[in-house]
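Reading through the structure tokens given below for one structure.
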Amino acid sequence: MQGRKNNFPWFKYYNNYNLDTSKMENSIYDTLKKSVQKNKDKICTNYYGKTLTYNELLNKIDECANAFINIGVKKGEYVTICLPNTQESLICIYALNKIGAISNLIHPLCSEEEIKKQIKLVDSKYLIIADYILNKTKNIKEELNLRKIIFIPILENQKKVSFIKYGLLFKTKKFKILDQNIISYASFILKSKESINQKEKPKKDDIAIILYSSSMSYNPKGVTLTNENINTLVECEKLLDKDIENRTIITTLPIYTSFGLVYLFHLTLAVGGFLNIIQSLNLKNLDKQIKKYKPNTLLMTPTMLNLIYKSKILKKENMSYINKVICTGEYLSEENKLKYEKFLKKHNVDCGIEVIYGLTETSSKVTYMPQNEKNDSSIGIPIPGTIIKICKVNTEEECKKNEEGEICISSKSVMKFYINNENSTKKVLKRHNDGKIWLHSGDIGYMDKNGFIYFKSKMKRMIISEGQNIYPKQIEEIIKRHPYVENCIIVGVPHPYKKEVVKAYIVLKKTIELTPEVKKSIKEHCEKNIASYALPYAYGYRKELPKNKIGKVAYQELINIYDEEENIWNQVMK
């Protein structure tokens, strides 16, 4: 790669982009503070009717930072935050960053064992948790020797109707507090009365955040993101979107994910935009929020786009206020992309859907679609400051154009390491002959002659049967073209001598009844359109597919299930 700086094929789409690296020297708190200086009296957040201006937000952050110091939190210490999208979540993250402490962000619906495991991973002594899951701390406080647990009254901060709804949703139970080290957020803030001088500012390469990778395994890894990692995306996005300071957006993605924290929350506040904060744990009312708040930007997953597409509330809505629609998180098929774009155009949305690609390990986005370019099957070209190449699997050897291999990324947005997991870090972060550190993504794709990247599959999902590489996404798209099929997931299951064989899990459209004729029609459709070596050996029919905590399909739950089409499956395994 040396000597090729000006020869990358995608450079011709850049408009004299030049990242200002000096702005990446700041902490994420300092980046926000600079935004506050420009937008003091502008409203920055709304949380179920409770609004804050930029100045009010910063004051609350400073107040919270003092409170953390007063309870003993020091620079470099880890504080675990187990919260959904709230104003307090934001305030705590920036406050900890101001004093050089590190936010360890975990999913609020994790089990008690998962919470315990992720606290132990970083040896965190402080826990900030939502009131509706405070019961989960009963058995872990003493075992982990936690110094302080701060609970935030999530339900009380919402209007009565929301209180009832979320109270029912989470089955909230009253928690009898007998421990003086378990305190409410209000009591915690009372400890901030004294102003404290900050002795040492956090540096650009200091770890700011720990997020957990949404890997296919049941053992997600702790991703360390530095101030520079996170701020790199802010400076990059300012170059790509000249109107970004006018962004108004609904927080569809959770704050404990990279696209949620970095690309949605931090980026919006860093440029002076507006966040309408909603709980991301229940998005059934997403269409109502869009109609009520009229955001100009949508950051969606394919699942969310499908909710909007099917919404009765938005059926007659004039959505001309939307000027940017971004899709990430899961694969969006070309067919569905065109379908959703047709729906948006019918509702007076002039822009198309921009599909972007990124990982927790890259602080979110690493690709974008250049303005005035349309390529429905591509995930775009590398963003400024990022280099992407395709390497032959398990090597550093670069593939030829249009040759499939592993997507590898070099950028200032790439994580520092996996926390306390040296073996996993070495597997994904590798120094190549060009002297650069490259992140091996574990994703299969290819790059064309113009630098456009095409995602094919995750390496962990790739099925190898009798030496043939089979990409589940391709088979899924073929099966989903059948008029009876609503959704489909392909998994590889063990086989005595073929190593793996293909199994299809299918969700039928609501109007279709599962009959022998329906099964026969789908099977014939597959035999006609799928290569013989990639044909499913068994078909499972389900009312819905299992999902993980962030709404993605839980593939591992499907791999070792043999309950559907037993006769066919038993025959295959003989």
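Here, residue 1 is the first one in the sequence, and each next residue gets the next number. Since the structure is predicted, the reported quantities are computational estimates derived from the model, not experimental observations.
The ring pair (Phe, Tyr, Trp, His ring centres under 6.0 Å) search around Y54 returns none, not counting sequence neighbours. Here E486 pairs with N306, K310, V507, K509 under the side chain to side chain contact (heavy atoms under 4.5 Å, CB included) rule; sequence neighbours left out. With sequence neighbours excluded, the residues forming a ring pair (Phe, Tyr, Trp, His ring centres under 6.0 Å) with H525 are H482, listed by chain and number. In this structure, the ring pair (Phe, Tyr, Trp, His ring centres under 6.0 Å) partners of Y94, at least two apart in sequence or on a different chain, are H266. For K238, the salt bridge (charged side-chain N to carboxylate O under 4.0 Å, His left out) partners are E235, not counting sequence neighbours. Contacts of T31 classified as side chain to side chain donor-acceptor pair (under 3.5 Å), with partners at least two apart in sequence or in another chain: N231.
Between the side chain of T360 and the backbone N or O of S258, no donor-acceptor pair lies under 3.5 Å. With T297 contributing its side chain and K324 its backbone, the two residues share no donor-acceptor pair below 3.5 Å. Distance alone, capped at 3.5 Å, places no donor-acceptor pair between the T367 side chain and the G380 backbone. In terms of modelled atom types and a separation under 3.5 Å, the side chain of S35 and the main chain of L269 share a donor-acceptor contact. Panel note: side chain Y14, backbone I383; a donor-acceptor pair is recorded below 3.5 Å. At least one donor-acceptor pair under 3.5 Å links the side chain of N229 to the backbone N or O of V414. Under the 3.5 Å distance criterion, the side-chain polar atoms of D443 are left unmatched by any main-chain donor or acceptor of F455. At least one donor-acceptor pair closer than 3.5 Å links the side chain of T252 to the backbone N or O of L299. Between the side chain of K42 and the main chain of G272, a donor-acceptor pair closer than 3.5 Å is present.
Ring centroids of Y368 and Y13 are separated by 6.0 Å or more, keeping the two rings apart.
Aromatic ring orientation, Y309 versus F343: perpendicular (interplanar angle above 60°, classes split at 30° and 60°). Ring planes of Y256 and H107: tilted class, angle from 30 to 60°.
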Using the rule given for side-chain contact (heavy atoms from CB on, under 4.5 Å), can you reason through I322 versus V325, listing the C-alpha separation, both sets of side-chain angles and the distance that settles it, and then say yes or no? CA-CA 8 Å; I322 296 171; V325 181; 3.7 Å; yes

Please lay out, stage by stage, how W10 and I453 fare under the test side-chain contact (heavy atoms from CB on, under 4.5 Å). CA-CA 10 Å; W10 60 83; I453 301 154; over 6 Å; no

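Under a cut-off of 6.0 angstrom, the local environment of NZ in K339 is crowded, with over 12 non-hydrogen atoms contributed by other residues, nucleotides or ligands. By the 6.0 Å contact criterion, NZ on K520 is open, its count of non-hydrogen atoms from other residues, nucleotides or ligands being 12 or less. Counting non-hydrogen atoms of other residues, nucleotides and ligands closer than 6.0 Å to NZ of K40 gives a total of 12 or fewer. The environment of OH in Y484 is sparse: at most 12 heavy-atom neighbours from other residues, nucleotides or ligands sit within 6.0 Å. Counting non-hydrogen atoms of other residues, nucleotides and ligands closer than 6.0 Å to CG of N318 gives a total above 12.
Counting heavy atoms from C-beta outward, Y357 and I409 have side chains that approach closer than 4.5 Å. With contacts defined as side-chain heavy-atom distances shorter than 4.5 Å, the pair N97/L32 does not qualify. Residues L261 and L225 have side chains not in contact (no heavy-atom distance under 4.5 Å, counting atoms from C-beta outward). The side-chain heavy atoms of L83 and I255, taken from C-beta on, include no pair separated by under 4.5 Å. A heavy-atom distance below 4.5 Å is not found between the side chains of K292 and N276. Counting heavy atoms from C-beta on, the side chains of Y132 and P108 come closer than 4.5 Å. Using a 4.5 Å heavy-atom cutoff, the side chains of M369 and V355 are not in contact. Within the 4.5 Å cutoff, the side chain of I91 has heavy atoms near those of the C64 side chain.
Counted by atom type alone, Y263 and E237 present one or more donor-acceptor pairs between their side chains at under 3.5 Å. In this structure, a donor-acceptor pair under 3.5 Å is present between the side chains of Y505 and K503. When only modelled atom types and interatomic distance are considered, N55 and T53 share no side-chain donor-acceptor pair under 3.5 Å. For the residue pair T386 / S411, a side-chain donor-acceptor distance below 3.5 Å is found, with atom types taken as modelled. Judged purely by distance below 3.5 Å, without hydrogens or angles, the side chains of N246 and T248 never pair a donor atom with an acceptor atom.
Of the charged side-chain nitrogens involved, none lies within less than 4.0 Å of a carboxylate oxygen, so that E335 and K480 do not count as a salt-bridged pair. Note on E341 versus K337: salt bridge recorded, some NZ/NE/NH1/NH2 to OD/OE distance being below 4.0 Å.
Summarising the geometry, atom CG belonging to N285 is positioned 8.5 Å from atom CD1 belonging to I313; distances are rounded to the nearest 0.5 Å. The distance from atom CD1 of I152 to atom CD1 of I128, rounded to the nearest 0.5 Å, is 6.0 Å. Within the model, atoms CG of L58 and CG of N39 stand 12.0 Å from one another, a figure rounded to the nearest 0.5 Å. Here the CD atom belonging to Q87 is positioned 4.0 Å from the OG1 atom belonging to T45, to the nearest 0.5 angstrom. To the nearest 0.5 Å, atoms CG (L275) and OG1 (T268) are separated by 4.5 Å. In this structure, the separation between CD on E88 and NZ on K60 is 8.0 Å, given to the nearest 0.5 Å.
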